[in-house]
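All chains are named by letter (A, B, ...) in the order of the sequence lines, taking the proteins before the strands, and each is independently numbered beginning at 1. For the numbers below, each heavy atom of this structure counts, side chains included, while hydrogens, waters and symmetry mates do not.
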Amino acid sequence: MRAKRVTTNAKDQREDRKPSAAWLRQRLRWWYRTHRRMFRWRTEPRDPYIVLVAEVMLQQTQVWRVEPALERFLKRFPTIEHLARAARRDVLVAWQGLGYNRRAVYLHECARAIVARFGGVIPADLAQLRMLPGIGDYTARAIAAFAYGKDVAVVDVNIQRVLSRVFYPLQSQAEQLPIGKVRRIAEQLLPRGGGRWWNEALMDLGSLVCTKRSPRCSECPLRRRCSSAGLLLPAEQQAKEEPCYRNVPRRLWRGRLVELLRQRSSCTLAEIAELLFGSAAADDVAWLRNLADQMASDGVVCRDGERLELPP
DNA sequence: TACGCGTGGAA
DNA sequence: TTTCCAAGCGT
């Protein structure tokens, strides 16, 4: 008769499930061979410019939305030199449908900085990448690993979620370990020479299987050693309030304003207030002027007196 | 550190 | 219909 394992508490029992790095690498490499996703930014040989544009587009944005936008964008701006030379307005027009229009401004300035400072060669060095506008910790690591095959641990929200769940027993689908803790784990796990495939595999697993809501644990290659397999329950939602005007969140007004200026070359504040609010009352124009000024400081619009347009 | 920043399909 | 969410970044 087999003696029952003696455990002091439930947590210790879960700790036993933690997989070794070797096991994880073997399982994930096997899974990745048959389940990896192919994208324009993953075609070989890797083009760092395509990786850069794609990674900026992918910030907080789903793949299905980025794929067609990236094709349009690359047709319009085939090289980093084309992008650097372009008018800001054309970059914002090409950004249509992606949202977070400030990213287009950052990407444009990023391209200009790379042409000016690095002769148009996108850096492979993390510190140099981090100094560029719109390139944060994630994107710098993504470019180093995916474009140049550097052995750096990439931690996006997908990888953070996968590693959090695998190494710690989580009961809510919303829970995850702090980013710093996850990065330490990720750096320990990263196989030599695995900068590309390992990070992509973890990311694909998080996107396809270890999803935030309704994770497909039964299809997961890591389920036998995952601390959270079978534990995850839906998170209780808690919406937070956004600053609104006329019952519409401020950033929606920002989006509508940029979209309006994509269609028309130039408008007065009063015309825009009429189009957006159906009213050009003094309060509405004043509120719009304030909005436009902040957007101008973000670089997504250009205000000349009472006229508003996309920046040249 | 917490907040503001777009979009539109899915739940 | 409403709510939630998706390869983050800068301030």
Side-chain angles (χ1 to χ4, degrees), chain A residues 36-37 39-42 50-70 92 95-110 129-147 152-163 172-174 176 178-180 182-183 186 196 199-208 210-215 234-245 247-262 290-291 294-301:
Chain A
R36 66 180 300 186
R37 295 175 294 172
F39 302 119
R40 176 69 183 273
W41 54 93
R42 287 185 179 179
I50 296 180
V51 174
L52 166 66
V53 175
E55 288 301 340
V56 174
M57 286 185 171
L58 285 162
Q59 291 168 6
Q60 293 285 281
T61 306
Q62 303 94 324
V63 163
W64 62 263
R65 197 194 300 280
V66 167
E67 282 188 301
L70 180 65
L92 282 161
W95 203 257
Q96 184 173 31
L98 285 169
Y100 286 140
N101 295 304
R102 272 191 305 190
R103 290 182 300 167
V105 175
Y106 293 141
L107 179 60
H108 194 203
E109 289 180 350
C110 181
L129 285 165
R130 270 305 266 107
M131 296 176 60
L132 295 164
I135 308 287
D137 190 69
Y138 162 76
T139 306
R141 289 167 176 273
I143 292 170
F146 299 146
V152 298
V154 180
V155 181
D156 75 326
V157 68
N158 286 304
I159 293 178
Q160 186 176 0
R161 188 174 57 246
V162 170
L163 295 181
S172 162
Q173 294 172 0
Q176 54 187 9
I179 182 71
V182 173
R183 189 171 300 128
R196 283 206 180 96
N199 287 307
E200 287 180 359
L202 273 178
M203 209 174 280
D204 285 357
L205 187 71
S207 177
L208 299 173
C210 193
T211 50
K212 181 167 185 180
R213 288 182 295 185
S214 313
E236 60 252 48
Q237 59 240 23
Q238 43 183 3
K240 58 179 173 183
E241 307 220 343
E242 289 185 286
C244 289
Y245 184 70
N247 211 26
V248 173
R250 179 183 177 87
R251 55 194 186 137
L252 265 63
W253 288 124
R254 291 174 54 114
R256 292 177 187 183
L257 176 51
V258 170
E259 183 58 28
L260 195 156
L261 292 176
R262 283 192 182 101
N290 177 279
L291 184 78
Q294 189 178 342
M295 291 176 69
S297 79
D298 290 335
V300 293
V301 302

Check: protein-nucleotides 4-6 of chain C nitrogen or oxygen pairs below 3.5 Å:
| unit_1 | atom_1 | unit_2 | atom_2 | d |
| --- | --- | --- | --- | --- |
| C:dA6 | N3 | A:Gln62 | OE1 | 2.8 |
| C:dA6 | N3 | A:Gln62 | NE2 | 2.5 |

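- Position along DNA chain C of the nearest nucleotide to A:Arg130 versus A:Arg37 favours A:Arg37 as the more 5'-ward residue.
- Comparing B:dA11 with C:dA7, their P atoms are spaced 15 Å from each other, to the whole Å.
- Contacts of A:Ile135 with the nucleic acid, taken as non-hydrogen atoms under 4.0 Å apart, involve only primed sugar atoms and P, OP1 or OP2.
- The residue A:Leu132 sits close only to the backbone: its heavy atoms come under 4.0 Å of sugar-phosphate atoms, none of a base.
- Rounded to whole Å, the separation between the C1' atoms of B:dG6 and C:dC5 comes to 12 Å.
- Counting to the nearest Å, the C1' atom of C:dA7 and the CZ atom of A:Arg40 are 18 Å from each other.
- Here A:Trp41 lies in heavy-atom contact (under 4.0 Å) with a base.
- Counting non-hydrogen atoms under 4.0 angstrom, A:Gly99 reaches a base of the nucleic acid.
- Looking at heavy-atom distances under 4.0 Å, A:Phe39 makes contact with a base.
- If you measure from atom CD of A:Glu259 to atom P of B:dG8, you get 8 Å, rounded to the nearest angstrom.
- Heavy atoms of A:Ser214 sit nowhere under 4.0 angstrom from any nucleic acid atom.
- Using a 4.0 Å heavy-atom criterion, one finds that A:Asp137 contacts the sugar-phosphate atoms exclusively.
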